[in-house]
Amino acid sequence: MRVGIIGIGMTAFRPSTPEYNWKELMFEAASRAYADAAINPREDVDSFITCAEDYYEGFGIFDEFVPDQLGAALRPTCTVSGDGLQGLANAYMQIQTGLIDVAVVEAHSKASDVVTLDGIIEHALDPIWNKPLGAHPFVVAGLEADAYLRGTRTSPKALAAVVAKNRRNGLRNPLAAYGAAVDADQAMQSEERFAPIRALDISNPADGCVVLVLASDRAAKKLHADPVWIRGIGWASDSPSLETRDWTAATYARIAADMAYRLAKVRRPATDIDFAEVDDRFSYKELQHLESLGLAKKGEAGTRVLRGDYDADGRFPVNVSGGSLGCGNVFEATGLHRAGEVALQLRGDAGVRQLDGVRVGVAQSWRFVPSATGAVAVLGAGP
Amino acid sequence: MTARISRWPGIELRAADLLEGKITQTRFRPDAKYAWSAGEAMSRFLEELQNGRFIARTCHKCQRILFPPRMFCEECFRPTDEWTFIHDTGTIETFSVSYLDTDAKRITEPILVGVVSLDGASPKMGMMHYFGEMTKEEIRIGMRVKAEWKPPTERRGSVLDIRYFRPLREGER
Ligand SMILES: [Zn+2]
């Protein structure tokens with residue numbers, strides 16, 4: 001059975017949204033998604049999935065606070081404690097069972113509600129083995145960036161090129177919080193943070209919410225929808241141990257991609273796929289992820305970004321949305337935002353940043369430091 | 001110990017062993033601080049508490065008066081329509097007599113807690129709070145009660161601006 005995306009709803013991503021609480025933010029994104037799908041959630045949706053981590057929210061059992069603002073009161077609802085793409089995978093599977101015809105996936109960030117964001121991320125480190133060292137959790141990204149640059153002989157200039165490209169792309173996305181005409185020199189000269197990572201290599205937190213509506217092909221037909229199909233989806237986690245990771249490659253992304261490509265019958269990803277939205281919450285991650293997804297050869301992503309291949313008008317556009325560097329780090333909503341962006345491009349609804357003639361796109365997520373978990377979705381235009 | 005085991009193998013630990021550092025320990029206090037935006041509906045609600053009154057939202061579709069107020073109706077999934085004040089009197093829907101405090105400490109004078117359906121809101125809408133000026137023998141479901149507010153200068157825009165709900169007095173409304 002085929003499963004497609006029939007509704008896309010997003011709020012703007014903003015550094016902070018003091019005027020709304022997170023429920024009102026969710027209501028806005030949900031309302032947009034249901035209007036886009038032309039459905040009534042009280043009648044047409046069989047299952048609701050929300051993606052959230054209690055520590056980001058600041059209170060426990062977040063699931064219980066979800067139904068009202070999603071139209072899910074007294075309906076089947078559950079929470080995936082993971083990135084939005086993992087939620088998308090769960091909705092996909094629920095529909096594949098045949099029990100559910102229409103499912104909704106929600107993910108959001110209200111990072112501005114978290115006063116001690118670094119403290120929350122630090123709390124994810126192993127309590128006995130790593131945490132007593134007291135290092136800032138982003139050091140984990142510094143370690144990986146260093147290993148990646150050395151292992152692939154990638155120039156630090158490539159990281160600056162990613163920053164400049166994605167911040168610039170953000171200027172063409174009305175939802176982006178951090179679109180800016182940053183040039184590569186500026187990125188290269190920004191303050192050192194976790195060498196080789198500099199200040200501008202790190203995405204800034206943002207608030208926002210994304211809601212997608214999924215349907216089986218039968219339900220999509222009944223609802224007169226024109227879906228973007230989820231051709232394949234996969235997810236994987238590496239060992240949490242920092243000491244056994246590959247560091248150079250994102251193994252979780254490779255395994256997740258293998259699974260998604262197998263389902264989608266993608267044999268040569270570099271030619272079968274037209275564009276990608278990959279996790280770039282640290283600039284090096286974009287390059288590392290592209291290589292692990294088989295979209296660039298090992299060590300080539302850096303030279304290709306410097307050549308302009310990944311520009312919006314390049315040979316293989318990457319993060320035309322602006323990515324997390326341009327749009328902001330929306331935590332668990334990061335992957336779902338990218339899936340939504342790929343779907344908008346495939347529908348031809350991406351506005352001024354619309355790519356020409358794209359048929360297949362890939363969205364990839366990572367669950368941020370210190371995790372080694374990720375998911376991949378291959379989406380295709382109809383019919 | 002069980003019927004078959006009179007003694008566990010190994011060395012029993014004493015509290016003193018922990019204090020004397022004989023046990024390896026790791027301590028970590030999460031740096032977890034939040035400042036939640038209350039949002040459009042709850043901000044107005046909290047502001048009105050300082051004025052000593054309850055505000056609700058109406059939904060024109062289901063004709064309900066929603067309390068606490070929200071900007072969307074969870075039944076109809078649509079934006080709510082108007083602000084409206086409701087009363088600070090109501091009826092006890094359910095209650096419990098708590099013999100433990102929030103630290104799970106045994107207390108002799110039990111805490112009376114429960115849910116009040118407020119007058120003017122749709123049925124089964126109101127708030128959870130403490131009860132006062134009544135004994136555990138007197139409290140009952142269906143009892144008519146009224147909010148006992150703190151003096152205006154002590155109100156902070158919190159549900160604790162109400163001390164408790166007390167029995168409605170003769171002639172009061
Ligand atoms: Zn209603």
Side-chain angles (χ1 to χ4, degrees), chain A residues 16-28 30-31 33-35 39-45 54-59 65-75 104 110-134 137 207, chain B residues 18 21 23-49 55-81 83 102 115 121-128 157-159:
Chain A
S16 75
T17 33
E19 72 277 23
Y20 274 176
N21 66 6
W22 49 270
K23 289 182 185 172
E24 291 158 1
L25 208 61
M26 280 168 74
F27 180 71
E28 182 188 328
S31 299
Y34 303 150
I39 58 162
N40 174 357
R42 306 298 290 148
E43 289 167 6
D44 301 324
V45 178
D54 288 359
Y55 256 104
Y56 288 140
E57 308 301 334
F59 44 89
F65 295 85
V66 164
D68 292 8
Q69 60 274 16
L70 275 186
L74 299 173
R75 312 293 291 283
V104 162
K110 197 68 161 71
S112 67
D113 280 355
V114 187
V115 177
T116 56
L117 203 48
D118 291 355
I120 298 303
I121 298 165
E122 182 191 7
H123 199 41
L125 291 169
D126 185 291
I128 293 170
W129 188 232
N130 299 125
K131 211 182 268 168
L133 299 171
D207 293 352
Chain B
L18 288 164
I23 314 298
T24 307
Q25 293 180 66
T26 179
R27 274 176 180 278
F28 180 78
R29 186 187 289 270
D31 189 13
K33 294 195 182 74
Y34 304 87
W36 297 283
S37 302
E40 216 176 336
M42 201 45 75
S43 295
R44 178 77 195 270
F45 167 73
L46 295 172
E47 188 189 343
E48 292 296 349
L49 287 180
I55 197 160
R57 290 283 291 180
T58 56
C59 174
H60 286 175
K61 185 161 179 224
C62 63
Q63 303 283 320
R64 290 188 308 160
I65 298 169
L66 305 164
F67 184 88
R70 45 255 199 196
M71 301 316 290
F72 44 83
C73 173
E74 78 282 3
E75 286 279 336
C76 309
F77 197 79
R78 61 185 289 279
T80 48
D81 297 287
W83 295 103
T102 47
V115 171
S122 286
K124 305 280 181 194
M125 291 218 180
M127 71 191 301
M128 178 166 154
S158 152
V159 291

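What you see below is based on every heavy atom in this structure, not just the backbone, and it leaves out hydrogens, waters and symmetry mates. Chain A is the first sequence line, chain B the second, and so forth, proteins listed ahead of strands; every chain is numbered from 1.
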**Request:** Select, from B:R78, B:R70, B:M42, the one with the greatest count of heavy-atom pairs under 4.5 Å involving chain A.
**Result:** B:R78
**Prompt:** Any side-chain heavy-atom pair from B:S37 and A:D113 closer than 4.5 angstrom?
**Reply:** yes
**Request:** Sort A:S16 into side chain, backbone, both or neither according to what part of it lies under 4.5 angstrom from a heavy atom of chain B.
**Result:** neither
**Item:** Interchain contact, A:L25 with chain B, by part (heavy-atom threshold 4.5 Å)
**Value:** neither
**Prompt:** Once you round to the nearest 0.5 Å, how far does CD1 of A:I121 lie from CG of B:D31?
**Reply:** 11.5 Å
**Asked** Where on B:R27 is there a heavy atom nearer than 4.5 Å to chain A: the side chain, the backbone, both, or neither?
**Response** neither
**Request:** Can you tell which part of A:A30 gets under 4.5 Å to a heavy atom of chain B, answering side chain, backbone, both or neither?
**Result:** both
**Fill in**
Applying a strict 4.5 Å limit to non-hydrogen atoms, the region of A:Q69 in contact with chain B is both
**Prompt:** Hey, is the main chain of B:P30 close enough, under 3.5 Å, to the side chain of A:E122 for a donor-acceptor pair?
**Reply:** no
**Message:** Counting only non-hydrogen atoms closer than 4.5 Å, does B:A38 touch chain A with its backbone (N, CA, C, O), its side chain (CB onward), both, or neither?
**Reply:** backbone
**Prompt:** Does CG in A:L74 sit with more than 12 non-hydrogen atoms of other residues, nucleotides or ligands closer than 6.0 Å?
**Reply:** no
**Prompt:** Rounded to the nearest 0.5 Å, what separation is found between the CD atom of B:E74 and the CZ atom of A:R42?
**Reply:** 7.5 Å
**Complete:** Under 4.5 Å to a heavy atom of chain B? For A:K23 that would be both
**Prompt:** Does a side-chain heavy-atom distance below 4.5 Å link A:F27 with B:P79?
**Reply:** yes
**Message:** Just checking B:W83: does its CH2 atom have more than 12 heavy atoms from other residues, nucleotides or ligands closer to it than 6.0 angstrom?
**Reply:** yes
**Item:** Nearest-0.5 Å distance that lies between atom OH in B:Y34 and atom OH in A:Y55
**Value:** 7.0 Å
**Prompt:** Taking atom types as modelled, is there a side-chain donor on A:K131 or B:T26 under 3.5 Å from an acceptor on the other?
**Reply:** no
**Heavy-atom check, side chain of B:E40 versus side chain of A:Y20, under 4.5 Å** = yes
**Request:** Would you mind checking which part of A:P127 comes under 4.5 Å of any heavy atom in chain B, side chain (CB onward), backbone (N, CA, C, O), both or neither?
**Result:** backbone
**Prompt:** At what distance, to the nearest 0.5 angstrom, does CG of A:D68 lie from CD of B:E75?
**Reply:** 9.0 Å
**Item:** Winner by heavy-atom pair count (cut-off under 4.5 Å) against chain B, out of A:P67, A:G119, A:G58
**Value:** A:G58
**Prompt:** What residues form a salt bridge (charged side-chain N to carboxylate O under 4.0 Å, His left out) with A:D54, not counting sequence neighbours?
**Reply:** none
**Contacts of A:Y34 that satisfy ring pair (Phe, Tyr, Trp, His ring centres under 6.0 Å) - sequence neighbours left out** = B:F77
**Request:** Quick one: which of A:P132, A:P41, A:A73 has the most heavy-atom pairs under 4.5 Å with chain B, could you say?
**Result:** A:P41
**Item:** Sub-4.5 Å side-chain heavy-atom contact between A:N21 and B:W36
**Value:** no
**Prompt:** From A:L117 CG over to B:K33 NZ, what is the distance, rounded to the nearest 0.5 angstrom?
**Reply:** 13.5 Å
**Message:** Would you say that more than 12 heavy atoms from the other residues, nucleotides or ligands in this model lie under 6.0 Å from the CG of A:L133, or not?
**Reply:** yes
